[in-house]
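Quick note on labels: first sequence line is chain A, next is B, and so on, each numbered from 1.
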There are 2 protein chains.
Amino acid sequence: MDAGTNQKNAKNDCTKERILDKAEALFALKGYDAVSVREITAAANCNLAGVNYHFGNKQNLYLEVFRSRWLPHAIRIQECFRESLEANGTLTPSIVVESLARAFIEGPLSEEERKRHHRLISGELAKPTAAFKMIADQALRPLFENLLQDLRSALSDDIEEERLALNIFSVFGMVLCFNFARPLISSFMGCDNDADFKGRLIDHIVEFSINGLGAKSKETRL
Amino acid sequence: MDAGTNQKNAKNDCTKERILDKAEALFALKGYDAVSVREITAAANCNLAGVNYHFGNKQNLYLEVFRSRWLPHAIRIQECFRESLEANGTLTPSIVVESLARAFIEGPLSEEERKRHHRLISGELAKPTAAFKMIADQALRPLFENLLQDLRSALSDDIEEERLALNIFSVFGMVLCFNFARPLISSFMGCDNDADFKGRLIDHIVEFSINGLGAKSKETRL
DNA sequence: GTCTATAGCAGGATAGAC
DNA sequence: GTCTATCCTGCTATAGAC
């Protein structure tokens with residue numbers, strides 16, 4: 001399928017990398033406990049013992065999937081977000097929200113990559129494992145801190161810290177939910193889950209959020 | 001712990017019910033695949049064979065947990081929501097949103113029940129099994145259809161159907177995310193996840209949503 | 001670095017006594 | 001309806017040949 005032609009793949013498309021690829025796909029699809037090492041090695045077309053040789057045990061393989069696959073994808077998404085902010089120049093609330101929504105819903109990843117990425121994080125949010133601390137420290141919290149700064153300068157600066165944080169989680173919650181429950185949503189709404197729907201989704205999130213955020217900059221009560 | 005004294009428990013607090021109770025708790029805590037039948041029967045203080053005798057197999061036990069535990073809780077939450085709507089008389093957007101958020105975040109369930117309830121549905125949203133169809137048909141879709149009606153009459157009635165549905169998912173997404181990622185959120189925000197925080201969360205959701213919704217009734221473009 | 005072979009154990013499920 | 005005893009499959013992990 002993936003006809004990698006660069007030098008890196010020529011050497012790296014070895015057993016270890018194939019195992020990581022298949023492990024990522026299977027863990028995303030079925031969750032840690034539902035996937036066996038046998039299933040992974042069979043899919044990777046290598047021997048059962050390969051996982052223990054390269055990663056020590058199944059747990060470490062799972063962690064390595066997050067370290068070497070999930071995390072780089074998260075960083076690409078966040079870079080896409082920041083590039084969009086910089087391309088726009090001034091920070092307005094709607095630019096921040098639209099850049100964020102677009103990076104996560106359309107973003108730099110392929111559709112398959114995006115799906116795997118979100119299924120992996122969904123699993124960790126639902127039932128955190130050792131991988132959770134890593135992704136919280138290295139991806140989620142830095143993003144949260146950046147968003148705090150971005151929105152603080154985009155909104156009036158007398159906004160209460162807690163309200164600012166709740167605003168971020170509201171926007172982020174919408175983005176996450178629309179990603180992770182999108183099949184349910186398009187099924188209930190009776191429309192296709194295609195690129196056009198994604199675009200309308202982003203428009204909606206921006207519009208909905210700006211009004212929610214916007215009111216905060218006008219009022220000083222509480 | 002649970003000193004049930006009514007007649008129903010006197011007869012029903014038998015092996016079958018104990019298995020269901022422990023299965024609900026364990027499936028919520030660790031997910032289907034990570035829980036063994038041995039673990040459940042040990043917790044329920046009964047024999048290993050009890051699960052197969054009463055439920056046929058592990059899958060059916062899981063389904064029965066949703067049928068006999070999750071679904072009744074979902075119905076109690078929705079009843080709480082509708083009672084709140086009726087107690088308020090006229091349907092305004094803020095009454096609909098506040099009633100919804102309150103029913104799901106504070107609601108009629110105990111803290112433990114609520115936690116189990118949300119962990120079970122999170123697991124099904126992340127990795128749907130046969131239980132998903134049941135809860136979608138019998139709980140999620142009816143709630144969605146009711147909310148469509150409620151909000152249509154609370155907002156201007158020339159609102160586009162898709163926008164109405166997206167509004168519902170936005171509000172619902174915030175409620176779900178604040179439930180299911182609340183430990184993460186209070187950790188990032190550095191505040192306790194107590195009753196007072198829940199109250200502020202509900203206020204925030206209402207305020208944020210009303211501004212997001214409100215704009216829709218003013219504009220007719222697109 | 002990759003393989004075969006296997007140890008050692010935990011899983012779901014069943015048969016049959018009580 | 002509950003128990004014991006057991007089957008058998010599938011799992012992770014390891015030892016050791018190549």
Side-chain angles (χ1 to χ4, degrees), chain A residues 4 7-69 123 127 129-131, chain B residues 4 7-69 120 123-124 127 129-131:
Chain A
Q7 288 185 334
K8 205 174 168 201
N9 274 3
K11 178 63 192 153
N12 270 5
D13 197 6
C14 59
T15 304
K16 188 171 180 181
E17 297 299 312
R18 285 204 319 278
I19 290 175
L20 279 168
D21 286 340
K22 297 302 182 179
E24 183 193 10
L26 285 166
F27 284 142
L29 189 64
K30 320 207 299 187
Y32 180 81
D33 295 295
V35 177
S36 69
V37 174
R38 286 173 146 79
E39 200 176 353
I40 294 168
T41 52
N45 217 16
C46 81
N47 189 269
L48 172 61
V51 162
N52 296 331
Y53 176 77
H54 287 287
F55 305 96
N57 57 34
K58 184 185 173 186
Q59 267 282 353
N60 276 344
L61 168 58
Y62 181 74
L63 276 175
E64 190 61 20
V65 164
F66 274 86
R67 205 197 58 76
S68 76
R69 295 288 189 273
K127 314 268 152 57
T129 72
Chain B
Q7 290 186 332
K8 205 175 168 201
N9 275 2
K11 178 62 190 151
N12 269 6
D13 195 5
C14 58
T15 303
K16 188 171 180 180
E17 297 299 311
R18 284 203 320 278
I19 290 175
L20 281 168
D21 285 340
K22 298 300 183 181
E24 183 193 9
L26 286 166
F27 284 142
L29 189 64
K30 320 208 298 186
Y32 179 81
D33 295 295
V35 177
S36 68
V37 173
R38 288 174 149 83
E39 199 176 353
I40 294 168
T41 51
N45 217 17
C46 80
N47 191 270
L48 172 63
V51 161
N52 296 331
Y53 176 77
H54 286 288
F55 305 97
N57 57 33
K58 184 186 172 184
Q59 268 282 354
N60 277 344
L61 167 59
Y62 181 75
L63 275 175
E64 189 63 19
V65 163
F66 274 86
R67 205 197 58 75
S68 76
R69 295 287 190 274
L120 286 171
E124 280 298 309
K127 313 268 153 57
T129 72

For DNA chain D, which residues in residues 26-34 of chain A have a heavy atom at a distance below 4.0 Å? none
At a heavy-atom distance below 4.0 Å, what parts of residues 59-67 of chain B sit against DNA chain D? none
Mind calculating the distance between CZ (B:Arg38) and C1' (D:dC7) to the nearest angstrom? 11 Å
Under 4.0 Å from a heavy atom of chain A: give me the 5'-most and 3'-most nucleotides of DNA chain C that qualify. C:dG1 to C:dT4
Counterpart residues, side chain to side chain donor-acceptor pair (under 3.5 Å), relative to B:Thr129 (two or more places apart): B:Glu124
Would you please name every residue forming a side chain to side chain donor-acceptor pair (under 3.5 Å) with A:Asp21, sequence neighbours left out? A:Arg69
side-chain contact (heavy atoms from CB on, under 4.5 Å) filter on A:Asp33, not counting sequence neighbours, yields B:Asp33, B:Ala34
Once side-chain contact (heavy atoms from CB on, under 4.5 Å) is applied, do any residues pair with B:Lys22, and if so which ones, sequence neighbours excluded? B:Ala43, B:Ala44
Got a list of side-chain donor-acceptor pairs under 3.5 Å for residues 24-32 of chain A, not counting sequence neighbours?
{"unit_1": "A:Lys30", "atom_1": "NZ", "unit_2": "A:Glu39", "atom_2": "OE1", "d": "3.4"}
{"unit_1": "A:Lys30", "atom_1": "NZ", "unit_2": "A:Glu39", "atom_2": "OE2", "d": "2.5"}
{"unit_1": "A:Tyr32", "atom_1": "OH", "unit_2": "A:Gln59", "atom_2": "N", "d": "3.3"}

Results of salt bridge (Lys or Arg N to Asp or Glu O under 4.0 Å) for B:Arg67 - residues two or more places apart only: B:Glu64
According to the ring-ring contact (aromatic ring centres under 6.0 Å, His included) rule, which pairs have a member within residues 33-61 of chain A, sequence neighbours left out? none
Under 3.5 Å, side chain of A:Asn47 to main-chain N/O of A:Gly50, donor-acceptor pair present? no
Approximate separation, where rounding is to 0.5 Å, of A:Arg18 CZ and A:Ile40 CD1: 13.5 Å
The correct set of residues in residues 41-53 of chain A placing a heavy atom under 4.0 Å from DNA chain C is A:Cys46, A:Asn47, A:Ala49, A:Tyr53
Between A:Ala23 and A:Val65 the two heavy atoms that sit nearest each other are CB-CG2, 3.8 Å
B:Leu61 pairs by side-chain contact (heavy atoms from CB on, under 4.5 Å) with which of B:Leu20, B:Val35, B:Asn52? B:Leu20
